[in-house]
Amino acid sequence: MTTAITGSPQGADEAIPVLTRKDFVSDQEVRWCPGCGDYAILAQMQKMLPELRIPHENIVFISGIGCSSRFPYYVETYGFHSIHGRALTLATGLKTSRPELAVFVITGDGDGLSIGGNHLLHAMRRNIDITVVLFNNQIYGLTKGQYSPTSEMGKITKSSPYGTVEEPLHPLRIALAAGATFVARSIDRDTKHLEETLYRAATHRGTSFVEVYQNCVIFNDGAFDSFADKEVRQERMVYLEHGQPVRFGRSREHGIRMNGYVPEVVRNAPGDGGLLVHDARDPNPVLAGILVEMRYPDFPVPIGVFRDVEAPTYNDLVEEQVANARAKEAADFEGLLRSGETWEVL
Amino acid sequence: MTTESAVEPEQTVEKLDRVTIRFAGDSGDGMQLTGTQFTRTSAVFGNDIATLPDFPAEIRAPTGSLPGVSGFQLSFASSDILTPGDQPDALVAMNPAALKTNIGDLRPGGLVIVDEDEFTDSNLKKAAYISNPLEDGTLSKWQVARINITRQNELALEGLPLPAKQKFQSRNFYALGLVLWLYGRSMDTTVKWATDRFRRNPDVLDANLRAMRAGYHFGETTEIFHHRYEVPAAEVQPGTYRHISGNEATALGCLAASIRSGLPLVYSSYPITPASDVLHELSKFKAFGVKTIQAEDEIAAMGMTVGVAYGGQLALTGTSGPGLALKSEALNLAVMTELPLVVINVQRAGPSTGMPTKTEQSDLLQALFGRNGDSPVAVLAPATPSDCFIMAMEAFRLALKYMVPVILLSDGYLGNGSEPWRIPAIEDLPSIDHHYAKPVDDSRKFNPYERDPATLARPWAVPGQKGLMHRIGGIEKSGQTGDIAYDAGNHHRMTLARLGKVERMVQDVPPVEVTGPPEGDLLVLGWGSTYGAITSGCERARKAGKRVASAHLRYLNPLPANLGEVLRNYGKVLIPEMNTGQLSLIVRGKYLVDAVPFNKIAGQPFKIAEIEGKIDELLGLTGPFEFQFGPASVLGGG
Ligand SMILES: Cc1ncc(C[n+]2csc(CCOP(=O)(O)OP(=O)(O)O)c2C)c(N)n1
Ligand code: SF4
Ligand SMILES: [Mg+2]
């Protein structure tokens, strides 16, 4: 006997209707604190989603626990608000079983890097085709203000009244180390850059990892002001563009060049000669790694796409194995039951 | 059928109803193979069979050492048997360590066959023997057959282009040949199997077959054995049979559920003894569309399984006790979101790492209650290795019907043990239904918690379905709208609804059946892998005129509706368990019956004699029963 199994539910392949931002606004009241950076990320996501031209019902948002993880309630798609740190595991199961779905994971710096750190490594190493957005506010928001694995050394919080004595984790460093094929950073207050970055992440095949600097007005207000404030942003941040020299400043007058394997700032660099040219497609992650290590005040803080390379995805490889096995072997269940030694009793 | 036994035996033949043999040797000696081949041969001959393999905990303990001993016990009979036997009638010991760790289990007067060549000073020392047990009278209780297996094997293989070390490895075939002869069995089954298995390695094939024939012919010509034994074929239901272990049966049952439901199966798991074989089996079934994910840990495996269930496919994870502990939080998410999935727990001796290769039933309470909050799941337990096939299908059927996670409690004894299995026809298997939610015109009006009045199941709306977009999660939801809700009445109602689904499942649970008199002095109640020992023990008690019945639970949550009534039909209730009394606690609490717990926590299954002994104690025929735990033996222990 041959047995064929297909599991996709009905529907989903008629022409895709054109959607707008409003179609992605759910009827749930948004409960973040007024002024929270999460609002901006939600708005840019809702703006970006229609551009993907994916059947509406094929989009799924999965989150863990945290202020940021409330996100799925506010997006009108399928949504799953799971448990602390484990969103990636649900996403992996869902995408492996239903590769036609577009799966987004929303996580926080505690959710994704502390309790769920292990899953982040393994999702990225598998290169499963999902989009991970990590809201980095360098604090535990939902539990009211303890330090997080990305809080800076010496930070005074409710759980560290004398200051922390732990080095922070740098999310993009982890992503590169785990072999992520798309690694990017953006910031809540630069809405245009944020929307663009989310779009590129969503359209990349493989695990896309986006760190978004997100201001928590209540427990860590102004964490990124030193370099992201409107007044100083041009001078203290650098927007990475693939194939372009790495330049910053009000009129892009400064640049970055390499001295051996150490980057250095060139103030008022006259021409592009000698400046570091960004190559997000380089299969070797070393250059991206150098950019990831640039931090204020020694360097401008880079945002943009650090790495964007193609590699086979976990879900494609799984499908391929199944398809190959089906082409070569019959799905003969009765034969399977009878494989090995059998005997007849008359 | 052609048979390779040419010469008719000159020894007398003794007819027996049942024989138990144990093969024991160093883990490198191939005793599992010898045992398996003897098992196959006897099954093909028509005996009923039960087996118990036993591996050392270390993968490669030092050769010849006590921890390195590996064993395989099988019982074959001319009638229906349910356990691999209490005490072996015959023991094959390939070295002093194997003798030392197993001889205590051999029945007095039983036969022990040893490879005399291995009883060297250095091997005796490794086995901590001060003097040679073959010489010092240690073995006077038993019949000892001292055979130069190593040397004779060497002679038989003379001239073959194989290194000496490789030739040494054919000793197990020599021993197999000898035992096949002793029990009047043909070598055909093994010849056929070996020819296929070693087809790429003709020299090894030749060596193994030569060794087996040498052992067989040695039996014929030697005068060491005064008897041969014969166990006639059993009367079994006609059909096509094969051997099946519990773990294989579990994997095949899950595949059968996939075929019968039409839903693709996805298995996410992290390797752990003794559950890994389920992963190994399922990972072969790609042609059936089965996907397996080797997760980074058990938490991930559970989360992935929730993701698969959310996506509308057949969601399965499997583990052993420590892994179930890790899964508890994500399993609770499935309880809260009311998603259908199955968790296999092949239990092993705990707590903590415990004894990974030893069996136990000590995760019952973990399965029932090991999660935060009021968190009801269904719990099923197969009774025999082949029952794992049926109960795996049943687990999925109930999960899908009631939108509830189901835990299937197997154990190491079931998982690794095997028995003959009559292969079912697909059309005889139960059908397994599932229903995705019906789309509504506006998904903003869809309530994911609107329940089916009969089962209380919520609708299974899966991504990709139009008009059903909704949000679920671990936070309490309003039963009215599906939105987050913290109000008191709602949580009260939702908690009872989650419980109510498992309670209503009782309408799908067959009444518990009693073997023996419908009322009497004593009911022995069991669950899981103790089935064989309990049923056989009670049978023997009844043969001796005692009014004892047995009943076995395959559904532990919910319990069968008639259980309370059954319990009250007997003067006393005895509950044997391989734990400190977990089912007893439930039964006493739920039915207010003064059930007597009977607990063995030795990493080993109950023996029939132990059940009989305890029955006698409860009937007032003897004093208090006490376990006789022997020295550190590999398999038996009693
Ligand atoms: C198993 C478990 N442990 C702890 C918590 C409590 N908890 C909820 S969210 C959170 C930290 C959230 O921080 P982050 O991920 O940075 O999210 P944010 O609130 O900052 O967006 C903690 C510790 C929990 N819900 N579950
Ligand atoms: S606590 Fe901070 S992160 Fe959470 S909602 Fe309020 S501002 Fe946002
Ligand atoms: Mg945070």
Side-chain angles (χ1 to χ4, degrees), chain A residues 1 3 5-12 26-28 56-60 62 65 72-73 76-83 86 88-98 100-101 118-119 121-122 318 321-322 324-326 328-331 333-334 336-338 340-346, chain B residues 40 43-44 46 189 193 236-243 252 255-256 258-259 262-264 266 268 286-289 291 293 295-297 299-300 302-308 310-313 315 329-330 333 423 426 436 439 444 462-466 468-475 483-484:
Chain A
M1 202 196 92
T3 320
I5 305 166
T6 48
S8 303
Q10 66 273 30
S26 81
D27 60 359
Q28 304 292 300
H56 198 170
E57 61 279 3
N58 278 6
I59 302 174
V60 185
I62 302 180
I65 297 290
Y73 290 113
E76 181 63 17
T77 60
Y78 279 91
F80 202 138
H81 180 211
S82 75
I83 47 174
R86 316 300 171 196
L88 280 160
T89 68
L90 274 82
T92 301
L94 182 63
K95 183 70 186 182
T96 305
S97 56
R98 300 282 312 279
E100 74 280 16
L101 299 175
N118 191 29
H119 310 309
L121 294 182
H122 292 280
V318 167
Q321 271 195 348
V322 168
N324 287 344
R326 281 188 153 147
K328 283 202 203 100
E329 310 156 32
F333 184 60
E334 289 190 336
L336 177 67
L337 293 183
R338 281 171 170 69
E341 190 128 21
T342 62
W343 64 96
E344 299 293 329
V345 174
L346 304 169
Chain B
R40 289 196 164 124
V44 171
T189 306
W193 172 84
V236 286
Q237 212 187 339
T240 307
Y241 281 77
R242 63 169 281 182
H243 269 287
L252 287 171
L255 176 58
S258 169
I259 290 167
L263 294 173
V266 184
S268 313
K286 295 265 174 329
F288 294 88
K291 294 173 184 169
I293 308 178
E296 55 270 27
D297 57 32
I299 300 175
M302 189 70 242
M304 289 169 183
T305 304
V306 175
V308 172
Y310 176 62
Q313 297 193 349
E329 195 203 7
L333 178 63
I423 300 170
I426 293 199
Y436 291 135
R444 287 185 175 85
V462 307
Q465 282 191 291
K466 281 188 179 165
L468 292 174
M469 285 182 294
H470 65 283
R471 270 69 44 194
I472 54 170
I475 295 195
D483 296 341
I484 292 179

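Proteins come first, then strands; the chains are lettered A, B, ... in the order of their sequence lines, and each starts at number 1.
Across every non-hydrogen atom of A:T89 and B:E296, the tightest pair is CG2-OE2, 4.4 Å. Residue B:A287 comes nearest to A:A330 through the heavy atom pair CB-O, 4.4 Å, listed as atom of the first residue, atom of the second, then distance. Closest of all the heavy-atom pairs between A:F333 and B:A256 is CZ-CB, 3.7 Å. Between B:M469 and A:E57, the shortest heavy-atom contact is SD-CA, 4.1 Å. In this structure, A:S26 and B:R471 approach most closely via the heavy-atom pair CB-NH2, 4.2 Å. Annotation for B:P463 and A:V60: closest pair CB-CG2, 3.6 Å, computed over non-hydrogen atoms.
Between the CZ atom of B:R40 and the OG1 atom of A:T342 there is a distance of 11.0 Å, given to the nearest 0.5 Å. Distance check, rounded to the nearest 0.5 Å: CZ of A:R86 to CG of B:L333 gives 11.5 Å.
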**Request:** Test side-chain contact (heavy atoms from CB on, under 4.5 Å) on A:N118 and B:I299 and set out the steps.
**Result:** CA-CA 10 Å; A:N118 191 29; B:I299 300 175; over 6 Å; no
**Message:** Set out, in order, the CA-CA distance, both residues' side-chain angles and the distance that settles side-chain contact (heavy atoms from CB on, under 4.5 Å) for A:E334 and B:I423, then state yes or no.
**Reply:** CA-CA 9 Å; A:E334 289 190 336; B:I423 300 170; over 6 Å; no
**Prompt:** So A:K95 and B:M304, side-chain contact (heavy atoms from CB on, under 4.5 Å) or not? Walk me through it.
**Reply:** CA-CA 9 Å; A:K95 183 70 186 182; B:M304 289 169 183; over 6 Å; no
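Of the listed residues (B:V308, B:T305, B:V236, B:T189), the one with the most heavy-atom contacts under 4.5 Å to chain A is B:V308. In terms of non-hydrogen atom pairs under 4.5 Å with chain A, the most contact-rich of B:A330, B:G303, B:S268 is B:G303. Interface summary for chain A: among B:G46, B:A300, B:A295, the most heavy-atom pairs under 4.5 angstrom belong to B:A300. Chain A forms more heavy-atom pairs under 4.5 Å with one residue of B:Q237, B:K286, B:M302, B:H243 than with any other, namely B:K286. Between chain B and the options A:T96, A:L88, A:V322, A:T77, heavy-atom pairs under 4.5 Å are most frequent for A:T77. Contact count against chain B (heavy-atom pairs under 4.5 Å) is highest for A:L337 among A:L337, A:L336, A:I65.
Residues that satisfy the salt bridge (charged side-chain N to carboxylate O under 4.0 Å, His left out) test with B:E329, not counting sequence neighbours, are absent from this structure.
B:Y241 and A:W343 have parallel rings, their planes meeting at less than 30° on a 0 to 90° scale where 60° marks the start of perpendicular.
Using a 4.5 Å cut-off between heavy atoms, B:V266 contacts chain A through its side chain alone, with no backbone atom that close. When heavy atoms are compared at a cutoff of 4.5 Å, A:E341 approaches chain B by way of both its backbone and its side chain. With a threshold of 4.5 angstrom between heavy atoms, A:L121 does not approach chain B through any atom at all. When heavy atoms are compared at a cutoff of 4.5 Å, A:L101 approaches chain B solely by way of its side chain, counted from C-beta outward. Proximity to chain A (any heavy atom under 4.5 Å) is shown, for B:T240, by both the backbone and the side chain. With a 4.5 Å cut-off on non-hydrogen atoms, A:V318 touches chain B through its side chain but not through its backbone.
A:L90 places none of its side-chain heavy atoms less than 4.5 Å from the side chain of B:Y310.
Listed for the A:Y78 side chain is a donor-acceptor partner under 3.5 Å among the backbone atoms of B:Q465.
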